[in-house]
Amino acid sequence: MRPTRTTFTAVSALSVLSLALVACGGDAESSDRDSDGPITLTVATFNEFGYEELLKEYDALHDNITVRHTKADTADNARNALRSSLGANAGAADIEAVEVDWLTEFMQYPDKFVDLADPAVEGRWLDWKTEAATTEDGQLIGYGTDIGPEAVCYRADLVGAAGLPADREGFAEFIGDTWDSYFAAGKEFVANSDAAWFDSASALWQGMINQVEVPFEEPDGTVIATTNPQIKDLYEQVLQASTADGLSAGLGQWSQDWSESFQRDSFATMLCPGWMLGVIEGNAAGVDGWDVANVFPGGGGNWGGSYLTVPAQGDHIEEAKALAAWLTAPEQQLKAFAAKGTFPSQVDALDSPELLDSTHAFFNDAPTGQILVDRATAVTMQPYKGPNYFLINTALVDALTRVDVDGTDDAASSWAKFVRDVEALG
Amino acid sequence: MKARGRPLPPQRPATPPTLRQRLTAANRRCTPYLYISPFFLLFLITGLFPLLFTGWVAVHRWDLIMGQGEFVGLDNFRRVLGSPDFWKSTRNTFSIFLLSSVPQVILAITIAALLNFNLRGRTFWRMGVLLPYVVAPVAVVLIFSNLFADRFGVINSLLDLVGIAPVRWHSEVLPSHLAIATMVNFRWTGYNTLIFLAAMQAIPRDLYEAAAVDGANRVRQFFSVTVPMLRPTIIFVVITSTIGGLQIFDEPRLYDQYGRGGADGQWRTLTIHLYELGWTQSDFGRASAVAVLLFLLIVAIGLVNFTITRRIATAGGHR
Amino acid sequence: MKTYVPLTREDRQARRNAGIDRPSWIVYGCLAAVLLGSAFPIWWSFLIASHDSTILARNSFPMIPGGNFWSNAREVMDSVPFWRAVGNSILVSTSVSLSVVFFSTLAGYAFAKLRFRGSGPLLVFVIATMAIPTQLGVVPLFQVMAQLGWTGQLHAVIVPGLVKAFGVFWMTQYIRSALPDELIEAAQVDGCSQFRTFWSIAVPAALPAMWMLGLFTFVATWTDFFWPFIVLGAGNPTLPVALQQLQAAHFVNYSLVLTGACLATIPLLALFFVAGRQLVSGIMQGAVKQ
């Protein structure tokens, strides 16, 4: 018996155990460090980008590259996850999708991202789409994927049953192209129907806020969210319509009740950017009567749309950049549009016959391609979204929800809470 | 609780120790420390250090991405305590905690009393009550938030059948707390039932026999013998559920699709507040301040519990 | 699996009670209701999971399972990295359980049976840490993981779980009562080394408690959400983290969400049917020891 040796055996056993435990977790991530051999590229998106088939295609085209796709449930969680991995300088995917609402926030840290500017892709996107992702020094943070030109989706059956014009053109004329006329039409509708006019005040808000040129922050960083009279007016207008006039179904957007309500005759219209078509089709599976009208209150409007960025912390920056460029090329974006309705931000895609001639069977064979191209041309300006846009808009949506869905506050007291929330962000 | 190890018998005396014997002795002295060191080392690194460092972060401006900023003293605490969000979260945390611990203890004792009968298929019943324990809280909350949906949830449909107006589970404060507490109770009642059952079986039979002689019926026996004898166990259960209960996160986080605890913070708890400040607003300084305050709260409650336990233990004097 | 021998006290009492406490059907009725309450939510999740997303619109109380479970399951596996999550959960829970059991037994043996300076205060320290919410150190712990470049990787979840104060306390209590000092003395007289004494005398004696500690640690780690959610992210999730990814997609399909809940519960249900008896007696034994 040699006690000391056994003791050392014990100690080394312990250390080996701990090391083994530590090491085994890392294998999956670190095994693809080798740059010559086959590599794995990770692509992180959220909601629906329509990339499933495209990534398989890319896999097949490149023998040495395996693409792994991770989809966050919501944009909120995707944003938090990206923030975390930027803070940690580790854990980000090779390609990270970023939504326009929080793009500016991440543009505060340009050195965390690879400069994607490249003569090969110059002029690929609509000017405003590229400008929004370019820093003052000319660094291009992300490649544009889709944009969200908005039309109005509606239940032709419910509208018809209320004795109102239900065909595409007649309905477009009926609701007109201002918010006032849209709400006036809504009052007429609810007088003749059990359904509400629209789903949720916060959904309408997204349409309204994207028409305000300088909503919450001045370009110099001054927060004007609580003092901007335009914001307060829109806030009161949408709540007046929602609660006092009873036009809203009072459903929290994206909630379970909201999803379920598509299966019933809960409301008649919805603002719908291109990507919303897929959402409606999924939630309303089996329901007949949806259609799309080529009109939008307040002129044109863009809701959402994203970019692909390449975080500087990745191991395969060049390959990631190449994949991002491929994914955002017009041909690929058109396929994504066909899959999930994500409307292209690429100039060449906009006049492609593939897009212009596309129709949507679920929406009564509406010429959705042509409609959305028309809606995109109607977009005349892009709001300035500062670094706090996402947080402030979240607080405002909460304010609307308190009145429209929860009924815990009236418009005035909920606004006071919003003011307080914005001050707390400071 | 006795904390000292029992002494080993004296080692063989006489003859002057050889080198090997001296090595053995040294080894014998070191071994215990070697055995406990993995625990202490790992605990210090992954448990204690982060906890203490939280205090350091709390007195600085500290951004998730940009890292440490200037020293700001108690500014973060001032801002946290000055915000109604913190107080609302504290209220919610306590309310959910009370709604989940009080009914749970009562229910668990009742079920334990039922299980304490001489049942046929004892193991079956015991395993049955423990079943929910193996469902992850995340799965529990997904299931229950479906049941508790405001418009089209089953629970409201059932209420509608018996003529009760639908409850706004996701809009109003108390109903949302009830729903969340239900999830906690679902998962933990069975677990605590078994703890109470074990304690009941440890109660000496002669106490019941004496009570029976005094003319106490079953129900009286339960209240005059069982419940008082269970007091230490009740306190134990309450203490253990305090530590976890005040940090509740999973259930309120997944109760709706946003995870912020409601548009009006109806069910926002302190841990959600901490997460929101730290990871949504990138303000690690204020998040740490919340962590420190919650820590103090839990320790304070722990101390109160401890004193009460001590008093009961010395006053009761049994065991 | 080794079956656990129930408490003798319990047995004796049961035998003594045999003639006295013959419960009426009311007792069984109440217990059946409790069981129904325990099982219903799990059954409900399976019901919804076996239909398509429109089921609740057609029927508020579907009581018969539909035939969509497997197609839903396939869709869940397509929309989140399900198998990766299962693998991660198994890896994390197993390594954490093994490590907790090993280190706790080692320390518990030292506290229970070895004499050393400072053992008293150190054990008090261990017990005190059981009451400390170490979870609240998340902010710095996250920063440590970030510094190490571990975020998004499994060791960020495994390493902080390697030891548990409760485990040390539990093993100390058990070994103190289950392992007679004479056995240790005998081993030492035979010239066994310290570690050999531990390995061949203490470990076999402590085995039942080690099993239970392992079981409970496994369940706790498998169901843990807060820390894995913060540090892992969508790319490399454990099962609960993957599960929450299902919940709030743009188009919330509750059949899919509850299919996910079902799928995540199945492994633990299986464990429950194999080792539920041990869980029951583990809890009851722990309670008596307090």
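Per chain, numbering begins at 1; letters A, B, ... match sequence-line order. Side chains included, hydrogens not; waters and symmetry mates left out as well; all remaining heavy atoms used.
- Considering only residues two or more places apart in sequence or on other chains, Glu260(A) meets the side-chain hydrogen bond (donor to acceptor under 3.5 Å, both in side chains) condition with Arg264(A).
- Contacts with chain B were tallied for Glu105(A), Arg83(A), Arg79(A); Arg83(A) has the most, counting heavy-atom pairs under 4.5 Å.
- With hydrogens and angles disregarded, no donor-acceptor distance shorter than 3.5 Å links the side chain of Arg151(B) to the backbone of Asp257(A).
- When all heavy atoms are compared, the tightest approach of Gln253(A) to Gln257(B) is O-NE2, 3.1 Å.
- Using a 4.5 Å cut-off between heavy atoms, Ser261(A) touches chain B through backbone and side chain atoms alike.
- Proximity to chain A at a heavy-atom threshold of 4.5 Å picks out Asp63(B), Leu64(B), Ile65(B), Met66(B) from residues 58-66 of chain B, in numerical order.
- Residues Gln256(A) and Asp150(B) fail the side-chain proximity criterion, which asks for heavy atoms closer than 4.5 Å.
- Along residues 275-282 of chain B, the residues that come nearer than 4.5 angstrom to chain A, judged on non-hydrogen atoms, are Tyr275(B), Trp279(B), Thr280(B), Gln281(B), Ser282(B) in order of number.
- Each side chain to side chain donor-acceptor pair (under 3.5 Å) pair with one or both residues in residues 154-166 of chain B, not counting sequence neighbours, appears once here: Asn156(B)-Trp169(B).
- Gln266(B) touches chain A through its side chain: at least one heavy atom from C-beta onward sits under 4.5 Å away, while N, CA, C and O do not.
- For Leu251(A), the parts lying under 4.5 angstrom from a heavy atom of chain B are both the backbone and the side chain.
- Of the two parts of Asp409(A), only the side chain, counted from C-beta on, holds a non-hydrogen atom closer than 4.5 Å to a non-hydrogen atom of chain B.
- When the options Thr401(A), Thr408(A), Asp406(A) are evaluated for a side chain to side chain donor-acceptor pair (under 3.5 Å) with Ser171(B), the one that passes is Asp406(A).
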